[in-house]
Amino acid sequence: MTVTDPTSPANFIERIIEEDLETNKYDGRVMTRFPPEPNGYLHIGHAKSICLNFGLAETYGGLCNLRFDDTNPTKEEVEYVESIKEDVRWLGFNWDDRLYYASDYFEQLHDYAVQLIKQGQAYVDSLSAEEIREYRGTLTEPGRKSPYRNRSVEENLSLFQSMRAGEFQNGVHVLRAKIDMASGNLNMRDPVMYRILHAEHHRTGDTWCIYPMYDWAHGLCDSIEKITHSICTLEFEDHRPLYEWFLKELGVYQPQQIEFARLNLSQTVMSKRKLLRLVKEGYVNGWDDPRMPTISGLRRRGYTPEAIRDFCERIGVARKDSMVDIKLLEWCVREDLNRRAPRIMGVLRPLRVVVENYPDDTVEELEAINNPEDSTMGTRMVPFSRVLYIERDDFREDPPKKWFRLAPGREVRLRYGYYITCVDVVKDEKTGEIIELRCTYDPATKGGWSPDGRKVRGTLHWVSAEHAIEAEVRLYDYLFIKPNPEEVEEGQDFISNVNPDSLEVLRSCSLEPSVGNAALGSGYQFERLGYFCLDPDSTGSKLIFNRTVTLRDTWAKIEKKMKQDK
RNA sequence: UGGGGGAUCGUCUAGCGGUAGGACGCAUGACUCUGGAUCAUGCUACGGGGGUUCGAAUCCUCCUCCCCCAGCCA
């Protein structure tokens, strides 16, 4: 009970697979697939599915295919295909040469449809879309049989042939499976297999004007690819009987469909439709906006594939609807970046500090550790001079209790530098705004140590004004103000929960000179502030950093608690 | 009032007839040249009622609540 068996299955799907392996159900094979529809960008919910499918294949010595479910040419585009491939690859998964498209199988799918017609199990229906809906019945009432349901095999064959040949306009006919109009499962009430769509397909062009529906195509694609475990989300549970019916009636190889609960993440939305709305209505700046839960957004934000994979592992796999706290995602990226990100000093809201007793013609290079978690990352030199910037937040004219940082008369340590004491505060005469601090330093404390061993609680980050690199920094907060954006007043929708302050742009930040050669996307820890990465909007003359996530901020908690206690 | 699923700490998840565990979160403390990291300690959980059993989160039964399905979307 206290020790987890490391070889035991991590979730119910692994348990099923292990049982199948034991009973030799699929000759010891494990074959999965990730089947996105190329009609939008991948998000963190897809990452869960990707990690699951590719991960399962990996742990059981199987393979996972990447298959585009491109059966609806009116919604799908090559652009999405490319972005999906990039995202899966970036996450660290490899499909080798097993890149497939449902459209690769259109001819086979068509032949199988002909077979079903010949078996008397599919028919061409000529009811309109509205009529089909009416005939389908409701949740509590059975459906009615279409008047076209008893067309002869010959007539069905000929009509279907004409459908394929383009002799009809959109919507005139459909091909339906003949199953059971009285079934309690609506999916079994003669589901549509093919519809007429005179549309250009991103891969097959105008070869086809009839396109297979999901239920018809998906199971057959799985069957053709000899998938063993076809993993999908809970809403397809009702489709499983149909999935099995098609394959059984056709007498072809039958994988098993297994459903799991999709990921919901607090403080964000996950449906493509809603994400699209955020983009279209300008609440964010595109699909890769760092506030978006898309893979491309997370990547731009500075999340690492390792962090995302770790997250997907930690959230587990089950059949229960749930909402994962976004704080777990944040913890995962901190955990990863803490180990790997080089540290630098950067001041977001600079406050000028003049060290009065420091010579104004001197610059010292002080040694700083690149990563205290990893000594192999070495050290670097940072310049120190008479005029510095510190963080405005690190100074209080009238400090509260437990304040370790700078205040009039207080002494603090400048990280890797000297101890300084604030001796004067210079203000703008008109506005009263603090524009400069006058300090003195103790030359004996070079490097941050005092020979007399006196205690200094506060350590501040800083940059030398003369040497600083100016940069823009974008701070991000949650996109929605509520953990569950769907929780709204009557008559409102999730848009009413958009956080108006999810983006704060700081245009004159000062960073230590060593970040001048920062590489795109690589993460840094700005000491005491958080993790940041260079944004692709950067140009040669202007650096732009995104804040990936803050560091844990104990002081903020203390301050918050003190306010609450009052 | 059809069909299909699901209910375990605040959150996610383990458990598969034998003392309900882990992670995140939160709280407190230790340590620290990042109020970071780390470490330690703690935190009102088995939806409810019956039953079987020496023993039930687990098996049976009744109930309650939640989710999904009426696209020629996936």
So what's B:A37 paired with, Watson-Crick or G-U wobble, going by both distances under 3.5 Å? none
Strictly by Watson-Crick or wobble contacts shorter than 3.5 Å, is anything paired with B:C65, and which nucleotide is it? B:G6
Quick check: A:His201 with A:Phe106 (ring centres under 6.0 Å apart)? yes
Mind checking A:Pro241 for me? I need base, sugar-phosphate or nothing, with any heavy atom below 4.0 Å counting as a touch. nothing
So what does A:Glu37 hit on the nucleic acid, given a heavy-atom distance under 4.0 Å: a base, only sugar-phosphate, or nothing? sugar-phosphate
Identify which nucleotide among B:A37, B:G35, B:A74 has an atom closest to any side-chain atom of A:Lys402, counting heavy atoms from C-beta outward. B:G35
Centroid-to-centroid, A:Phe68 to A:Tyr80, below 6.0 Å? no
Need one value for A:Leu186: base, sugar-phosphate or nothing, where a base atom within 4.0 Å counts as base even if backbone is also close, heavy atoms only. base
Heavy atoms under 4.0 Å, any strand shown: does A:Asp69 hit a base, just sugar-phosphate, or nothing? sugar-phosphate
Tell me whether the centres of the aromatic rings in A:Phe526 and A:Phe545 are closer together than 6.0 Å. yes
Do A:Tyr194 and A:His110 make the cut of ring centroids closer than 6.0 angstrom? no
Please classify the glycosidic conformation of B:G71 as syn (within 90° of 0) or anti (everything else). syn
Base, sugar-phosphate, or nothing: which does A:Leu197 touch, judged by heavy atoms less than 4.0 Å apart? nothing
With heavy atoms under 4.0 Å as the rule, sort A:Arg133 into base, sugar-phosphate or nothing. sugar-phosphate
Tell me what A:Glu259 touches on the nucleic acid: a base, only sugar-phosphate, or nothing, going by heavy atoms under 4.0 Å. nothing
Option from A:Met181, A:Arg176, A:Arg144 for which side chain to side chain contact (heavy atoms under 4.5 Å, CB included) with A:Arg149 holds: A:Met181
Of A:Leu139 and A:Glu237, the one whose closest nucleotide on RNA chain B sits nearer the 5' end is A:Leu139
May I have the distance from A:Glu330 (atom CD) to B:A37 (atom P), rounded to whole angstrom? 13 Å
What does A:Trp403 touch in the nucleic acid at a heavy-atom separation under 4.0 angstrom: a base, only the sugar-phosphate, or nothing? base
Between B:C59 and B:G18, how far apart are the two C1' atoms, rounded to whole Å? 15 Å
Please classify the nucleic acid contact of A:Val174 as base, sugar-phosphate, or nothing, using heavy-atom distances under 4.0 Å. base
Looking for any heavy atom pair under 4.0 Å, which part of the strands does A:Tyr416 touch: base, sugar-phosphate only, or nothing? base
Is A:Arg189 touching bases, backbone alone, or none of the nucleic acid, heavy atoms closer than 4.0 Å? nothing
